[in-house]
Enquirer: 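Quick one: the structure is below, and I'll ask about it shortly.
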Amino acid sequence: MDYFDRFAVPHPSPAIYASMIAIGLTMIAVVAGITYFKKWGYLWREWLTTVDHKRIGIMYILSALLMLFRGGADALMMRAQTAVPDNGLLDGQHYNEIFTTHGVVMILFMAMPFIIGLMNIVTPLQVGARDVAFPRLNAVSFWLFFMGAMLFNISFVVGGSPDAGWTSYFPLAGNEFAESVGSNYYAIAIQIAGIGTLLTGINFIVTILKMRAPGMSLMKMPMFTWSILITNFIIVFAFPVLTVALALMTMDRLFGTQFFAMANGGSDMLWANLFWVWGHPEVYIVILPAFGIYSEIISTFARRNLYGYNSMVISMVAISTLSFVVWAHHFYTMGHGAMVNGIFSITTMAIAVPTGVKIFNWLFTLWKGKIVFTVPMLYSLAFIPIFTLGGVTGVMLAMASADYQYHNTMFLVAHFHYVLIPGTVFAVLAGFTYWWPKMFGFMLSEKIGKWSFWFITISFNVTFFPMFITGLDGQARRMYTYSESTGYGPLNMLSFVGAIGLAIGFALILYNIYWSTRYASRNISNDPWDARSLEWATHTPIPEYNFAVVPTVDSTEAFWDSKKKGFKLFSGKIEKIHMPNNSGVPFILSCIFFVWGFAMVFSMWIIAIIATIGIFACMTLRSFEKDHGRYISVEEIEETENKLRGAK
Amino acid sequence: MKMKWALLTILFTIATVLTGCDNPLMVLDPKGPVAATQANVIMISIWTMAFVVLVVVVLYVLMILKYRASKQSDDYEPPHIEGSKVLEIIWVAIPILIVAFLSVVTVKTTNEVEATPKGYEKQEPLVIYASSSNWKWHFSYPEEDIETVNYLFLPTDRPIEFKLYSFGPIASFWIPQLGGQKYAMSDMVTTLHLAADVPGEYMGRNSNFSGSGFAQQTFNVNVLPTKEYDKWVDEIKATAKPITEDKFNELLEPGHVGQSTFTGTHLKFSPAPEGENSGHHHGTSDTEKTDSEESSKDSHEGHSEHSNH
């Protein structure tokens with residue numbers, strides 16, 4: 001039995017046992033359901049083995065939604081625990097675990113996959129391509145992310161969650177202070193998901209650089225595509241740092257090396273530097289696509305072209321470059337002197353300049369427009385002032401001398417939620433609603449959507465604004481409790497009330513999906529928003545080959561021109577189309593990665609070695625496999641096209 | 001519309017709360033020169049940023065009110081506008097000026113808070129070693145040859161130099177009303193310059209998450225006029241027991257302990273990680289320089305690496 005002790009949770013509580021039972025029952029229900037409805041074959045053929053960018057995108061988004069509710073549950077528990085002074089709802093250990101998992105889940109398993117999901121669905125369509133450059137690699141990316149996320153999530157019922165913060169600073173995350181396997185999960189699950197992300201980076205750079213429609217020069221790409229191109233460059237430059245840092249962490253924890261240890265020349269500061277050399281660009285990986293989404297939506301619903309296209313592109317390039325030279329502002333207080341802090345303060349504040357350019361360009365996109373307040377537009381409009389508050393508090397934090405007072409406080413927590421929620425979360429919700437009809441062939445209810453919008457926007461401010469104040473009043477972050485004499489009670493209670501409002505808002509989104517799936521009209525046009533870019537030029541639902549004829553482009557808004565100026569988007573006749581075959585290898589490979597990761601977490605070396613061999617076997621198999629894809633015949637295309645046209 | 005009023009209310013609330021006087025926020029209620037400098041910087045930045053927010057919000061409200069579809073005729077077709085060089089230059093140039101202004105403020109004040117506070121340069125600073133262990137603070141006063149746990153007595157009107165390090169995870173030493181924080185780490189010693197103007201009792205804490213007992217890792221700070229401070233030191237010397245290695249190791253055990261006082265310091269048998277005891281022996285590290293210069297010259301020279309004057 002000793003062997004199985006390692007799988008026990010070190011700090012069990014009734015909530016964890018309840019979760020274990022709930023997870024077990026859900027799994028049984030899912031398996032039974034699929035078997036009962038005889039859907040295993042369908043699942044395998046259409047989803048698990050798919051290499052279609054649209055389906056992979058949908059799977060990314062579904063996983064991200066799942067993770068949104070996991071991370072949200074953590075958040076709700078945190079706010080409930082701190083709602084009143086000296087609260088005994090959670091103990092310190094449990095609180096430390098949930099703020100750690102909240103951070104990791106929301107950034108790495110919610111924001112990133114949501115963005116990557118939208119990127120998957122939209123980018124190939126916007127550049128007029130039939131798929132991404134490496135469809136099978138794309139499937140590998142998704143399944144690695146998914147298995148990484150699952151591995152991370154089982155930690156709280158098998159072996160214990162990580163508890164050293166999402167930053168996982170050493171020596172706190174070293175073996176001496178983090179004895180449970182929680183931090184092993186952190187190192188290995190993020191590593192697996194991170195490899196997937198790195199592959200995505202390469203895939204989309206190649207897709208955008210090599211597969212654009214004829215006539216679409218770089219400066220004629222839609223702004224979302226531009227943001228995706230720049231984001232993927234950041235991914236390719238930043239993620240290798242994380243890969244290395246996590247590999248060193250794994251070696252420290254499992255094999256007794258001392259890279260980040262306190263003795264023998266190791267350095268805890270090395271981890272902090274490596275983490276943030278990745279971590280700061282990571283922030284821009286989730287914010288730049290958001291800028292791209294807003295650019296599309298604001299221009300669509302202001303019924304105007306995007307103001308200052310060139311300066312929008314230049315400012316994104318500037319932001320991405322600056323994002324690599326600001327990392328030390330995350331630890332001004334580490335004692336690296338006034339000179340270093342001064343330089344990093346200036347580089348950090350410099351980011352405000354290109355970001356400001358974007359804000360003003362969006363405002364001037366509204367100028368002389370004809371603004372329609374749809375749900376995606378509401379999120380985009382709410383983003384502007386709230387994000388500005390997040391941005392200006394960022395400038396305040398950038399000032400090193402003052403940061404000594406903000407660092408590690410709720411002021412900082414308020415700031416990054418003011419940036420990430422209106423920035424990334426509002427953007428993915430807006431994008432999700434905006435592209436939903438293209439994905440599923442019907443619209444989400446505007447009425448329910450507006451209710452959830454107002455709930456989320458107002459509750460967001462109620463939750464996070466008080467934190468600016470408690471931060472300035474000396475409340476440190478990550479404290480599981482505080483005494484009544486501090487006076488933090490009332491404002492923390494207000495935050496909790498806001499958090500409940502946020503939960504209602506997100507629940508309404510789920511309800512909206514349910515309601516619209518049942519009742520929304522299926523009779524919509526290919527272009528229900530009267531939009532401007534190429535993804536709206538094809539049918540809804542999108543045929544697997546995207547475009548029967550590859551579009552030709554001569555401006556940033558060729559589809560708009562085709563509607564307004566009679567520009568001919570599709571010239572040329574239908575020819576047979578080359579498509580990639582589905583493959584089960586990415587899924588199987590990732591399952592083996594999961595087993596490998598689980599074995600590594602628990603130091604089960606024999607299984608780990610067998611899994612490693614399995615991983616290499618899958619890669620070898622791919623190298624020798626002769627799969628030239630398949631062709632869709634002209635007749636088949638015409639038949640599909642006629643059917644889709646007739647459906648309207 | 002609701003948005004606008006919500007925002008204006010929020011802005012108004014910030015302004016009132018931050019400048020309110022009956023219950024000022026800790027960080028904006030400084031009791032020493034370093035915290036005062038930082039509170040000034042914070043207020044300068046808040047007002048500068050309030051201006052930025054105001055410009056954005058005004059433009060925003062104008063655009064939304066004026067160009068909504070419901071206010072325009074059905075056949076209105078918004079024009080195609082590429083952009084405007086002049087406008088775009090304006091909204092690059094003005095932010096650059098603002099950032100330049102804030103950069104000057106930042107660099108100047110960062111140098112100030114990283115050195116002996118202004119007006120205190122002539123005095124010999126009181127050196128206190130503040131070390132963190134899970135989840136306590138140990139304060140060693142080499143000059144007085146005493147040591148306290150979880151509380152701190154400081155004299156007014158004398159510069160204080162905290163030498164920070166940790167017996168475990170990274171901790172951050174923070175007394176909000178006297179000045180900003182700095183990390184205490186296990187493999188090097190960092191220096192934090194503070195001074196106190198006003199006698200009183202202040203809250204001090206570790207603000208950097210360090211494990212399950214982190215929330216309660218606080219300490220009391222008592223600032224006394226010099227005479228009373230000296231009296232306190234004499235009292236300790238007369239009444240407290242000497243600290244022994246065994247006793248100190250017992251204190252290092254993870255957990256919470258109350259306040260206690262000793263004569264002597266743990267530095268004798270468990271020296272701070274600086275100089276030859278530093279965790280890093282490669283090249284001329286910051287700590288080694290501090291150590292050697294400190295022993296030879298006065299404090300102002302000794303900390304020149306922290307400031308550029």
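In this text, all values refer to a predicted model and were calculated from it rather than measured experimentally. What you see below is based on every heavy atom in this structure, not just the backbone, and it leaves out hydrogens, waters and symmetry mates.
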Enquirer: Checking heavy atoms, do the side chain of Ile343(A), its backbone, both or neither come under 4.5 Å from chain B?
Expert: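 Neither part.
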Enquirer: Which bit of Ala178(A) comes within less than 4.5 Å of chain B, counting heavy atoms only: side chain, backbone, both or neither?
Expert: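 Ala178(A) has no heavy atom closer than 4.5 Å to chain B.
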Enquirer: Given a strict heavy-atom distance threshold of 4.5 Å, which part of Leu87(B) is in contact with chain A: side chain, backbone, both, or neither?
Expert: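 For Leu87(B), side-chain heavy atoms alone lie under 4.5 Å from chain A.
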Enquirer: What part of Tyr482(A) gets closer than 4.5 Å to chain B, counting heavy atoms only: side chain, backbone, both or neither?
Expert: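 Neither part.
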Enquirer: His407(A) and Tyr183(B): side-chain contact (heavy atoms from CB on, under 4.5 Å), yes or no, with the steps?
Expert: CA-CA 11 Å; His407(A) 187 65; Tyr183(B) 284 176; 2.6 Å; yes
Enquirer: Heavy-atom distance under 4.5 Å between the side chains of Leu389(A) and Val53(B), does that happen here?
Expert: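 SC-SC contact between Leu389(A) and Val53(B) confirmed.
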Enquirer: To the nearest 0.5 Å, tell me how far Tyr332(A) OH sits from Thr106(B) OG1.
Expert: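 Going from OH on Tyr332(A) over to OG1 on Thr106(B), the span is 7.5 Å.
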Enquirer: How long is the straight-line distance from CD1 of Ile384(A) back to CD1 of Ile64(B), given to the nearest 0.5 Å?
Expert: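 It comes to 7.0 Å.
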Enquirer: Which pair of non-hydrogen atoms, one from Phe177(A) and one from Phe167(B), has the smallest distance, and what is that distance?
Expert: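 Heavy atoms only, the tightest pair is CZ-O, 4.5 Å.
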Enquirer: Under 4.5 Å heavy-atom distance to chain A, tell me which part of Ser172(B) shows up: side chain, backbone, both or neither.
Expert: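 Answer is side chain: those atoms of Ser172(B) sit under 4.5 Å from chain A.
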Enquirer: At a heavy-atom separation under 4.5 Å, does Asp163(A) approach chain B through its side chain, its backbone, both, or neither?
Expert: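 For Asp163(A), the contact with chain B is made by the backbone alone.
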Enquirer: Strictly distance-based, threshold 3.5 Å: is any side-chain N or O of Lys370(A) a donor or acceptor partner for the main-chain N or O of Asp74(B)?
Expert: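 Yes; judged by distance alone, with no hydrogens or angles, the pair exists.
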Enquirer: Would you check if Val57(B) and Thr388(A) make a side-chain contact, meaning some heavy-atom pair closer than 4.5 Å?
Expert: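 They are not in contact (no side-chain heavy atoms under 4.5 Å apart), so the answer is no.
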Enquirer: When only pairs under 4.5 Å are counted, which of Tyr169(A), Tyr309(A), Phe373(A) shares the most heavy-atom pairs with chain B?
Expert: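 Top option by heavy-atom pairs under 4.5 Å: Phe373(A).
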Enquirer: Measure from the side-chain N and O atoms of Tyr307(A) to the backbone N and O of Ser84(B), and report whether any donor-acceptor pair falls under 3.5 Å.
Expert: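 Answer holds: yes.
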Enquirer: Looking only at heavy atoms, what is the nearest atom pair of Tyr406(A) and Gln181(B), with distance?
Expert: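 So the two residues come closest at C-NE2, 4.4 Å.
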Enquirer: Roughly how far, to the nearest 0.5 Å, is the CD atom of Glu114(B) from the CE atom of Met339(A)?
Expert: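 Answer rounded to 0.5 Å: 13.5 Å.
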Enquirer: Hey, what do you get for CG (Asn111(B)) to CG (Asn341(A)), rounding to the nearest 0.5 Å?
Expert: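 Going from CG on Asn111(B) over to CG on Asn341(A), the span is 10.0 Å.
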Enquirer: Give the C-alpha distance, both sets of side-chain angles, the deciding distance and a yes or no for side-chain contact (heavy atoms from CB on, under 4.5 Å) between Thr333(A) and Trp174(B).
Expert: CA-CA 10 Å; Thr333(A) 52; Trp174(B) 190 30; over 6 Å; no
Enquirer: Could you report the tightest heavy-atom contact between Asp473(A) and Met26(B), atom names first, then the distance?
Expert: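 Looking at all heavy atoms of both residues, the closest pair is OD1-N, 2.9 Å.
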Enquirer: For the residue pair Ser45(B) and Val395(A), establish whether any side-chain heavy-atom pair is separated by less than 4.5 Å.
Expert: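 Of all side-chain heavy-atom pairs linking Val395(A) with Ser45(B), none is under 4.5 Å.
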Enquirer: Could you check whether any side-chain N or O of Gln72(B) sits under 3.5 Å from a backbone N or O of Gly369(A), counting only pairs where one atom can act as donor and the other as acceptor?
Expert: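 Between the backbone of Gly369(A) and the side chain of Gln72(B) there is a qualifying donor-acceptor contact (under 3.5 Å).
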Enquirer: For Asn310(A), which atoms come within 4.5 Å of any heavy atom of chain B: side chain, backbone, both, or neither?
Expert: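 The answer is neither part of Asn310(A).
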Enquirer: Are Glu88(B) and Phe364(A) close enough that some pair of their side-chain heavy atoms sits under 4.5 Å apart?
Expert: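 With C-beta onward as the side chain, the pair stays apart.
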Enquirer: Contact part of Asn134(B) toward chain A, heavy-atom cut-off under 4.5 Å: side chain, backbone, both or neither?
Expert: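 Looking at Asn134(B), just its side chain touches chain A.
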Enquirer: For Gln177(B), is it the side chain, the backbone, both or neither that has a heavy atom under 4.5 Å from a heavy atom of chain A?
Expert: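 For Gln177(B), neither part sits under 4.5 Å from chain A.
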Enquirer: Is it the backbone or the side chain of Phe170(A) that comes under 4.5 Å from a heavy atom of chain B, or both, or neither?
Expert: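 When you check distances to chain B, only backbone atoms of Phe170(A) fall under 4.5 Å.
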Enquirer: Report the option among Glu557(A), Glu176(A), Met334(A) that has the most heavy-atom pairs separated by less than 4.5 Å from atoms of chain B.
Expert: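 Between Glu557(A), Glu176(A), Met334(A), the count favours Met334(A).
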Enquirer: I'd like to check Lys564(A) versus His80(B) (side-chain heavy atoms, cut-off strictly below 4.5 Å). Are they in contact?
Expert: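 A side-chain contact under 4.5 Å is absent here.
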Enquirer: Check the orientation of Trp91(B) and Phe360(A). Use parallel for under 30°, tilted for 30 to 60°, and perpendicular for over 60°.
Expert: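 Parallel, since the angle between the ring planes stays under 30°.
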Enquirer: So what's closer than 4.5 Å to chain A heavy atoms on Val113(B): side chain, backbone, both or neither?
Expert: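 Only the side chain of Val113(B) comes within 4.5 Å of chain A.
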Enquirer: Mind listing the closest non-hydrogen atom pair of Pro169(B) and Pro171(A) along with its distance?
Expert: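 Distance-wise, the nearest heavy atoms are CA-CG, 3.7 Å.
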Enquirer: Kindly compute the distance separating OH (Tyr76(B)) from NZ (Lys368(A)), expressed to the nearest 0.5 Å.
Expert: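 If we round to the nearest 0.5 Å, Tyr76(B):OH and Lys368(A):NZ are 7.0 Å apart.
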Enquirer: Sort Ile359(A) into side chain, backbone, both or neither according to what part of it lies under 4.5 angstrom from a heavy atom of chain B.
Expert: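 For Ile359(A), the contact with chain B is made by the side chain alone.
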Enquirer: Just verifying a value: how many Å separate Arg68(B) CZ and Leu381(A) CG, rounded to the nearest 0.5 Å?
Expert: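 Output value for this atom pair is 9.5 Å.
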Enquirer: Given heavy-atom pairs under 4.5 angstrom as the criterion, report whether the side chain, backbone, both or neither of Val56(B) touches chain A.
Expert: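 Both parts, backbone and side chain.
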Enquirer: Heavy-atom pairs under 4.5 Å with chain A are the metric here; pick the option from Leu192(B), Ile94(B), Leu102(B), Ile96(B) that has the most.
Expert: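 Of the candidates given, the most pairs with chain A belong to Leu102(B).
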Enquirer: Going through the checks in order, is the side-chain contact (heavy atoms from CB on, under 4.5 Å) test met by Leu172(A) and Ile170(B)?
Expert: CA-CA 7 Å; Leu172(A) 189 62; Ile170(B) 300 174; over 6 Å; no
Enquirer: Should Phe209(B) and Asn408(A) count as side-chain neighbours, where that means a heavy-atom distance under 4.5 Å?
Expert: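 Answer no - side chains too far apart.
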Enquirer: Under a 4.5 Å heavy-atom cut-off, does chain B meet the side chain of Thr481(A), its backbone, both or neither?
Expert: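 Both backbone and side chain.
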Enquirer: So, for Phe214(B) and Ala476(A), which heavy atoms are closest and what is the spacing to 0.1 Å?
Expert: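 Closest heavy-atom pair between Phe214(B) and Ala476(A): CZ-CB, 4.4 Å.
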Enquirer: For the residue pair Gln216(B) and Tyr480(A), confirm or rule out a side-chain donor-acceptor distance under 3.5 Å.
Expert: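 Yes, Tyr480(A) and Gln216(B) have a side-chain donor paired with an acceptor closer than 3.5 Å.
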Enquirer: Is there a side-chain contact between Met49(B) and Thr393(A), using heavy atoms and a 4.5 Å cut-off?
Expert: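 Side chain of Met49(B) against side chain of Thr393(A), heavy atoms only: no contact under 4.5 Å found.
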Enquirer: Test side-chain contact (heavy atoms from CB on, under 4.5 Å) on Ser212(B) and Asn96(A); report intermediate values, then the result.
Expert: CA-CA 7 Å; Ser212(B) 55; Asn96(A) 298 343; 4.1 Å; yes
Enquirer: Given that the side chain runs from C-beta out, which part of Val55(B) has a heavy atom under 4.5 Å from chain A: side chain, backbone, both or neither?
Expert: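 It is the side chain, since no backbone atom gets that close.
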Enquirer: For chain A, which candidate among Ser210(B), Pro254(B), Ala184(B) shows the most heavy-atom pairs at distances under 4.5 Å?
Expert: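 Most heavy-atom pairs within the cutoff with chain A belong to Ser210(B).
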Enquirer: Tell me the closest heavy-atom pair linking Ser401(A) and Thr110(B), and the distance in Å.
Expert: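 So the minimum-distance heavy-atom pair works out to N-OG1, 3.4 Å.
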Enquirer: With a 4.5 Å cut-off on heavy-atom pairs, point out which of Val41(B), Val107(B), Ile81(B) contacts chain A the most.
Expert: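 Most pairs with chain A among the choices: Ile81(B).
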Enquirer: With a 4.5 angstrom heavy-atom cut-off, could you sort out which part of Ala350(A) is near chain B: side chain, backbone, both or neither?
Expert: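 Backbone of Ala350(A) only, per the 4.5 Å heavy-atom cut-off to chain B.
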Enquirer: Could you tell me if the side chain of Asn208(B) sits less than 4.5 Å from the side chain of Phe331(A), heavy atoms only?
Expert: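 No, their side chains stay 4.5 Å or more apart.
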Enquirer: Of the backbone (N, CA, C, O) and the side chain (C-beta and beyond), which part of Thr409(A) lies under 4.5 Å from a heavy atom of chain B, both, or neither?
Expert: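 For Thr409(A), the side chain is the part near chain B, not the backbone.
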Enquirer: Please identify, among Gly342(A), Ala352(A), Gly474(A), Ala402(A), the residue contributing the most non-hydrogen atom pairs under 4.5 Å to chain B.
Expert: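 The answer is Gly474(A).
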